There are 2 protein chains.
Amino acid sequence: MSSTHTHSKKSQSLTKNQRIVLDLLQNSGEPLKAYFILDSLKKEGLNSPLQVYRALDKLVELGKIHKIESINSFIICNNSNCASNTAFTICERCGKVKEIKNKYLTDGVSDLVKDNQLEITRYNLEFYVLCKSCKIN
Amino acid sequence: MSSTHTHSKKSQSLTKNQRIVLDLLQNSGEPLKAYFILDSLKKEGLNSPLQVYRALDKLVELGKIHKIESINSFIICNNSNCASNTAFTICERCGKVKEIKNKYLTDGVSDLVKDNQLEITRYNLEFYVLCKSCKIN
DNA sequence: ATTACATATGTAATATTATAACACTTAGAG
DNA sequence: CTCTAAGTGTTATAATATTACATATGTAAT
Ligand SMILES: [Zn+2]
Ligand SMILES: [Zn+2]
Ligand SMILES: [Zn+2]
Ligand SMILES: [Zn+2]
C-alpha cells in the first residue's frame with residue numbers, strides 16, 4: 001500500500017449515525033418515521049430524537065434520502081440523481097409511497113416551468129393515487 | 001316570502017367555528033399555523049386545539065382552504081375551484097407562499113399525467129423559488 | 001505533534017403539532 | 001316530535017421536532 005490513503009472517498013464519508021440511518025432506510029425501501037427509526041436503532045446506540053433528526057437532515061441535504069412532508073416520513077432516494085427535485089405517488093387509501101422515475105413526466109414539468117419563466121430552484125410533486133392492491137380490494 | 005326557507009344555501013352552511021377560522025384565513029391571505037389561529041381566535045371563543053383542527057379539516061375537505069404540508073400551515077384557496085389539485089410556490093429564503101393560478105402550468109401537469117396513464121386522483125405541487133423581495137436583498 | 005476550525009455527538013429539557021376519548025348540543029329530514 | 005348526522009367543549013395525551021450546551025472527532029495547516 002502506498003502512503004496516501006486514497007480510499008477515503010468523499011462519497012463514503014458518512015458518519016456512524018448517518019450510516020446506520022441510511023442503511024435502515026435503504027433496507028426498508030419504505031418511508032419511515034423519525035421515531036420509528038429511533039426505536040429501530042436503539043440497539044445500534046441511538047438514544048435521542050436529535051441524533052436521528054441530525055442524521056436525517058444531513059442525508060436529505062446530500063440527496064441520499066427525501067422527506068415526504070405530508071406523512072412526516074423519510075425514504076431512500078430511488079434515483080441516481082434527483083438534484084433535489086422530487087416526485088412521488090402516494091396511495092390515498094393505504095399511504096404507500098413510491099418515488100416516480102418517469103423521466104418524461106419530470107422533464108415535462110421542468111419544461112413547463114421553463115415555459116412559464118418561473119425561476120424555480122427545485123420542486124416537489126405529490127401525486128395521490130389508488131395503488132394496485134388497494135384498487136383490487 | 002314563501003313558507004319554504006330556501007335561504008339555507010348549502011354553501012353558506014358553515015358552523016360558527018368553521019366561519020371564524022375561514023374569515024381569519026381570508027383576511028390574512030397568508031398561510032397560518034393552527035396554534036396561531038387558536039391564539040388569534042381566543043377572544044372569539046376558541047379554547048382548544050381540537051376546535052381549530054376540526055374546523056380546518058372541514059374547510060380543507062370543502063376545498064375552501066389548503067394545507068401546505070411542508071410548513072404545517074393553512075391558506076385560503078385563491079382559485080375558484082382547485083378540485084383538490086393544488087400548486088404553490090414557496091420562497092426558500094423567507095417561506096412566503098403563493099398559490100399558483102397559472103392554468104397553462106396546471107393543465108400541462110394534468111396532460112402529463114394523462115399521457116403517462118398515471119390514474120392520479122389529485123396532486124399537490126410545491127415549487128421552491130426565491131421570491132422578488134428576497135431576490136433583491 | 002500542535003493548533004485551529006468545522007462538523008458531529010450525547011444528553012436533557014422543552015417546544016410544536018396533532019389526536020383520542022367522552023359527554024353533550026344543535027340542525028335538519030321525515 | 002323523533003331520529004340521526006354532524007358539530008361542540010373539554011381534558012388528557014400522543015407524535016413530531018428543536019434549543020441549549022458541553023464534549024468529541026476529523027481535517028488541514030503550521
Ligand atoms: Zn430521489
Ligand atoms: Zn394503497
Ligand atoms: Zn386552491
Ligand atoms: Zn422570500
Side-chain angles (χ1 to χ4, degrees), chain A residues 3-25 31-62 64-75 95 97, chain B residues 2-25 30-62 64-75 95 97:
Chain A
S3 59
T4 56
H5 26 111
T6 44
H7 63 284
S8 68
K9 288 171 64 179
K10 207 80 182 182
S11 63
Q12 293 184 344
S13 65
L14 294 181
T15 65
K16 182 203 151 216
N17 288 356
Q18 290 160 11
R19 168 56 55 193
I20 61 178
V21 169
L22 182 63
D23 284 349
L24 181 62
L25 285 165
L32 301 182
K33 287 171 172 279
Y35 277 73
F36 175 89
I37 293 171
L38 176 57
D39 285 342
S40 302
L41 296 178
K42 282 259 166 72
K43 49 184 176 300
E44 314 285 344
L46 283 197
N47 293 307
S48 83
L50 196 47
Q51 293 176 300
V52 174
Y53 281 109
R54 286 199 281 224
L56 289 170
D57 284 351
K58 189 66 188 182
L59 293 169
V60 166
E61 190 188 319
L62 294 173
K64 295 188 178 300
I65 67 175
H66 302 303
K67 180 171 188 181
I68 300 154
E69 296 287 354
S70 56
I71 52 173
N72 302 312
S73 299
F74 300 83
I75 192 170
V97 173
Chain B
S2 75
S3 60
T4 57
H5 27 111
T6 44
H7 64 285
S8 67
K9 290 172 61 182
K10 206 81 181 180
S11 64
Q12 293 184 346
S13 67
L14 294 181
T15 67
K16 182 204 149 213
N17 288 356
Q18 290 159 11
R19 168 56 56 194
I20 61 178
V21 169
L22 181 63
D23 285 348
L24 181 63
L25 285 165
E30 290 182 330
L32 301 181
K33 287 172 174 276
Y35 277 74
F36 175 88
I37 293 171
L38 176 56
D39 285 342
S40 303
L41 297 178
K42 281 259 165 73
K43 49 184 173 304
E44 314 284 344
L46 283 198
N47 293 308
S48 82
L50 246 198
Q51 294 175 299
V52 175
Y53 281 109
R54 287 197 281 223
L56 289 170
D57 284 351
K58 190 66 187 182
L59 292 169
V60 166
E61 190 188 319
L62 295 172
K64 294 188 178 301
I65 67 174
H66 301 303
K67 179 170 189 183
I68 300 154
E69 296 287 355
S70 57
I71 54 173
N72 301 312
S73 300
F74 300 84
I75 192 169
V97 172

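Hydrogens, waters and symmetry mates are skipped; everything else that's a heavy atom, side chains included, is used. This is a predicted model, so every value here is computed, not measured.
- B:Asn17 is not listed as a side-chain neighbour of B:Val52, based on a closest heavy-atom distance of 4.5 Å or more.
- By the side chain to side chain donor-acceptor pair (under 3.5 Å) test, A:Asp57 pairs with no residue at all, sequence neighbours left out.
- Between A:Leu25 and A:Val21, some side-chain heavy-atom pair lies under the 4.5 Å cut-off.
- Computed from coordinates, the A:Leu38 CG to D:dA15 C1' distance equals 12 Å when rounded to whole Å.
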Identify every side-chain donor-acceptor pair in residues 66-74 of chain B under 3.5 Å, counting partners at least two apart or on other chains, and give the distances.
from: B:His66; atom 1: NE2; to: B:Glu99; atom 2: OE2; distance (Å): 3.1
from: B:Ser73; atom 1: OG; to: B:Ile71; atom 2: O; distance (Å): 2.7

Walk along nucleotides 8-21 of chain C from 5' to 3' and tag each nucleotide B, S or - by protein heavy-atom contact under 4.0 Å, base first, then sugar-phosphate.
SBBBB----BBBBB
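- Where the helix from C:dA1-D:dT30 to C:dG30-D:dC1 starts and where it ends, the local axes point in directions that differ by 40°; five pairs per end, rounded to 10°.
- In this structure, the side chains of A:Ile37 and A:Leu56 come closer than 4.5 Å at one or more pairs of heavy atoms.
- Rounded to whole Å, the distance from CD1 on B:Ile20 to C1' on D:dT8 is 12 Å.
- Here the shortest heavy-atom pairing between B:Leu32 and B:Leu24 reads CD1-CG, 3.9 Å.
- Side-chain contact between A:Glu44 and A:Leu46 is absent, with no heavy atoms from C-beta onward closer than 4.5 Å.
- Listed by first and then second residue, the salt bridge (Lys or Arg N to Asp or Glu O under 4.0 Å) pairs that reach into residues 30-43 of chain B are B:Asp39-B:Lys42, sequence neighbours excluded.
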